[in-house]
Amino acid sequence: MPMKTSSVLISRSQIADRVRELAMKITQDYSPRLKANESLLVVSVLKGSFVFAADLVRQLNLPCEIDFIEASSYGAGTQSSGDVKILKDLRGNMESRHVLVVEDIVDTGLTITRLLQLFKTRNPSSIRLCAFLHKPSRSEVPVTIDYLGFTIEDKFVVGYGLDVNERFRECPDLVVYQEAK
Ligand code: XMP
Ligand code: MG
């Protein structure tokens, strides 16, 4: 599935600047909250957030642990149904931990809402959401995004970890996907 044009929506340098700002804010917020023996548990939602999470944790000036969860939302085609299946669960426990969930994109909001509901049953000390992208025009349920990279229009985007049928995750820029005719 070749792309016709690669129209860069957000360049790698814009992304790097924003990641640095977000990391500074997260560091400021959590530094006073973490006790001497505590670390921040960063939960990267696979697969889309793996690039963002990797960049973010390397800019945090905090003791961190990182874990991964993979979920799939069932639905017709590209529509999220909110019926979320856990394909790969966390290795560790989040009970009594400060948890930062890192997501690639909040679209309808259904997937992350289900995941946050699940995490809350696991009794973390606190839980916050950091999302690289938000498409508010497609929102179906309200989601509080504590740390947000960018708000975008309703366009299908790939790169920086995001894919179409598993392609283009490796692209360093965020690009609007246009199928070749
Ligand atoms: P919700 O449940 O919020 O689903 O609708 C969010 C998930 O949908 C995928 N998604 C995208 N993936 N480009 C992508 O590569 C997009 O523009 C896009 N919009 C939604 C993504 O997996 C996200 O976690
Ligand atoms: Mg995803």
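As the structure lists them, so they are numbered: ligands from 1, and atoms in each ligand from 1. Below, each value reflects all heavy atoms present in this structure, side chains not excepted, and no hydrogens, waters or symmetry copies.
With ligand atoms numbered from 1 in the order given, ligand 1 contributes 1 (P), 2 (O), 4 (O) to contacts under 4.0 Å with heavy atoms of Thr111. Of all the atoms in ligand 1, the ones that sit under 4.0 Å from a non-hydrogen atom of Leu110 are 2 (O), 3 (O). Against a heavy-atom cut-off of under 4.0 Å, Asp163 is close to the following atoms of ligand 1: 14 (C), 15 (O).
Counting heavy atoms from C-beta on, the side chains of Val102 and Phe52 come closer than 4.5 Å. The shortest side-chain heavy-atom distance between Ile10 and Leu133 falls under the 4.5 Å cut-off.
Contacts with ligand 1 closer than 4.0 Å are made by side-chain heavy atoms of Asp104 only, the backbone lying farther away. Only backbone heavy atoms of Lys155 (N, CA, C or O) come within less than 4.0 Å of ligand 1; its side chain stays farther off.
In the candidate list Leu174, Val164, Leu9, Ile105, Ile105 is nearest to atom 6 (C) of ligand 1, counting heavy atoms. Considering Phe132, Phe168, Phe156, Tyr160 only, the shortest heavy-atom separation from atom 12 (N) of ligand 1 involves Phe156.
Residues passing the side-chain contact (heavy atoms from CB on, under 4.5 Å) test with Arg20 are Ala16, Asp17, Gln59, sequence neighbours excluded. Among residues two or more places apart in sequence or in another chain, the salt bridge (charged side-chain N to carboxylate O under 4.0 Å, His left out) test is passed with Lys25 by Asp29.
At a threshold of 4.0 Å, the pair Glu38-Arg33 does not count as salt-bridged, since none of the basic side-chain nitrogens sits closer than that to a carboxylate oxygen. By the 4.0 Å N-to-carboxylate-O rule, Asp67 lies too far from Arg91 to be salt-bridged with it.
Contact annotation: Lys135 has at least one heavy atom less than 4.0 Å from an atom of ligand 1. Using a 4.0 Å heavy-atom cutoff, Gly109 is listed among the residues neighbouring ligand 1. Not a single heavy atom of Ile112 sits under 4.0 Å from any atom of ligand 1.
Between the side chains of Arg97 and Ser126, not a single donor N or O lies within less than 3.5 Å of an accepting N or O.
For CD of Glu21, the number of neighbouring non-hydrogen atoms (other residues, nucleotides, ligands) closer than 6.0 Å is greater than 12.
Below 3.5 Å of separation, one finds no N or O of Val106 facing any N or O of ligand 1.
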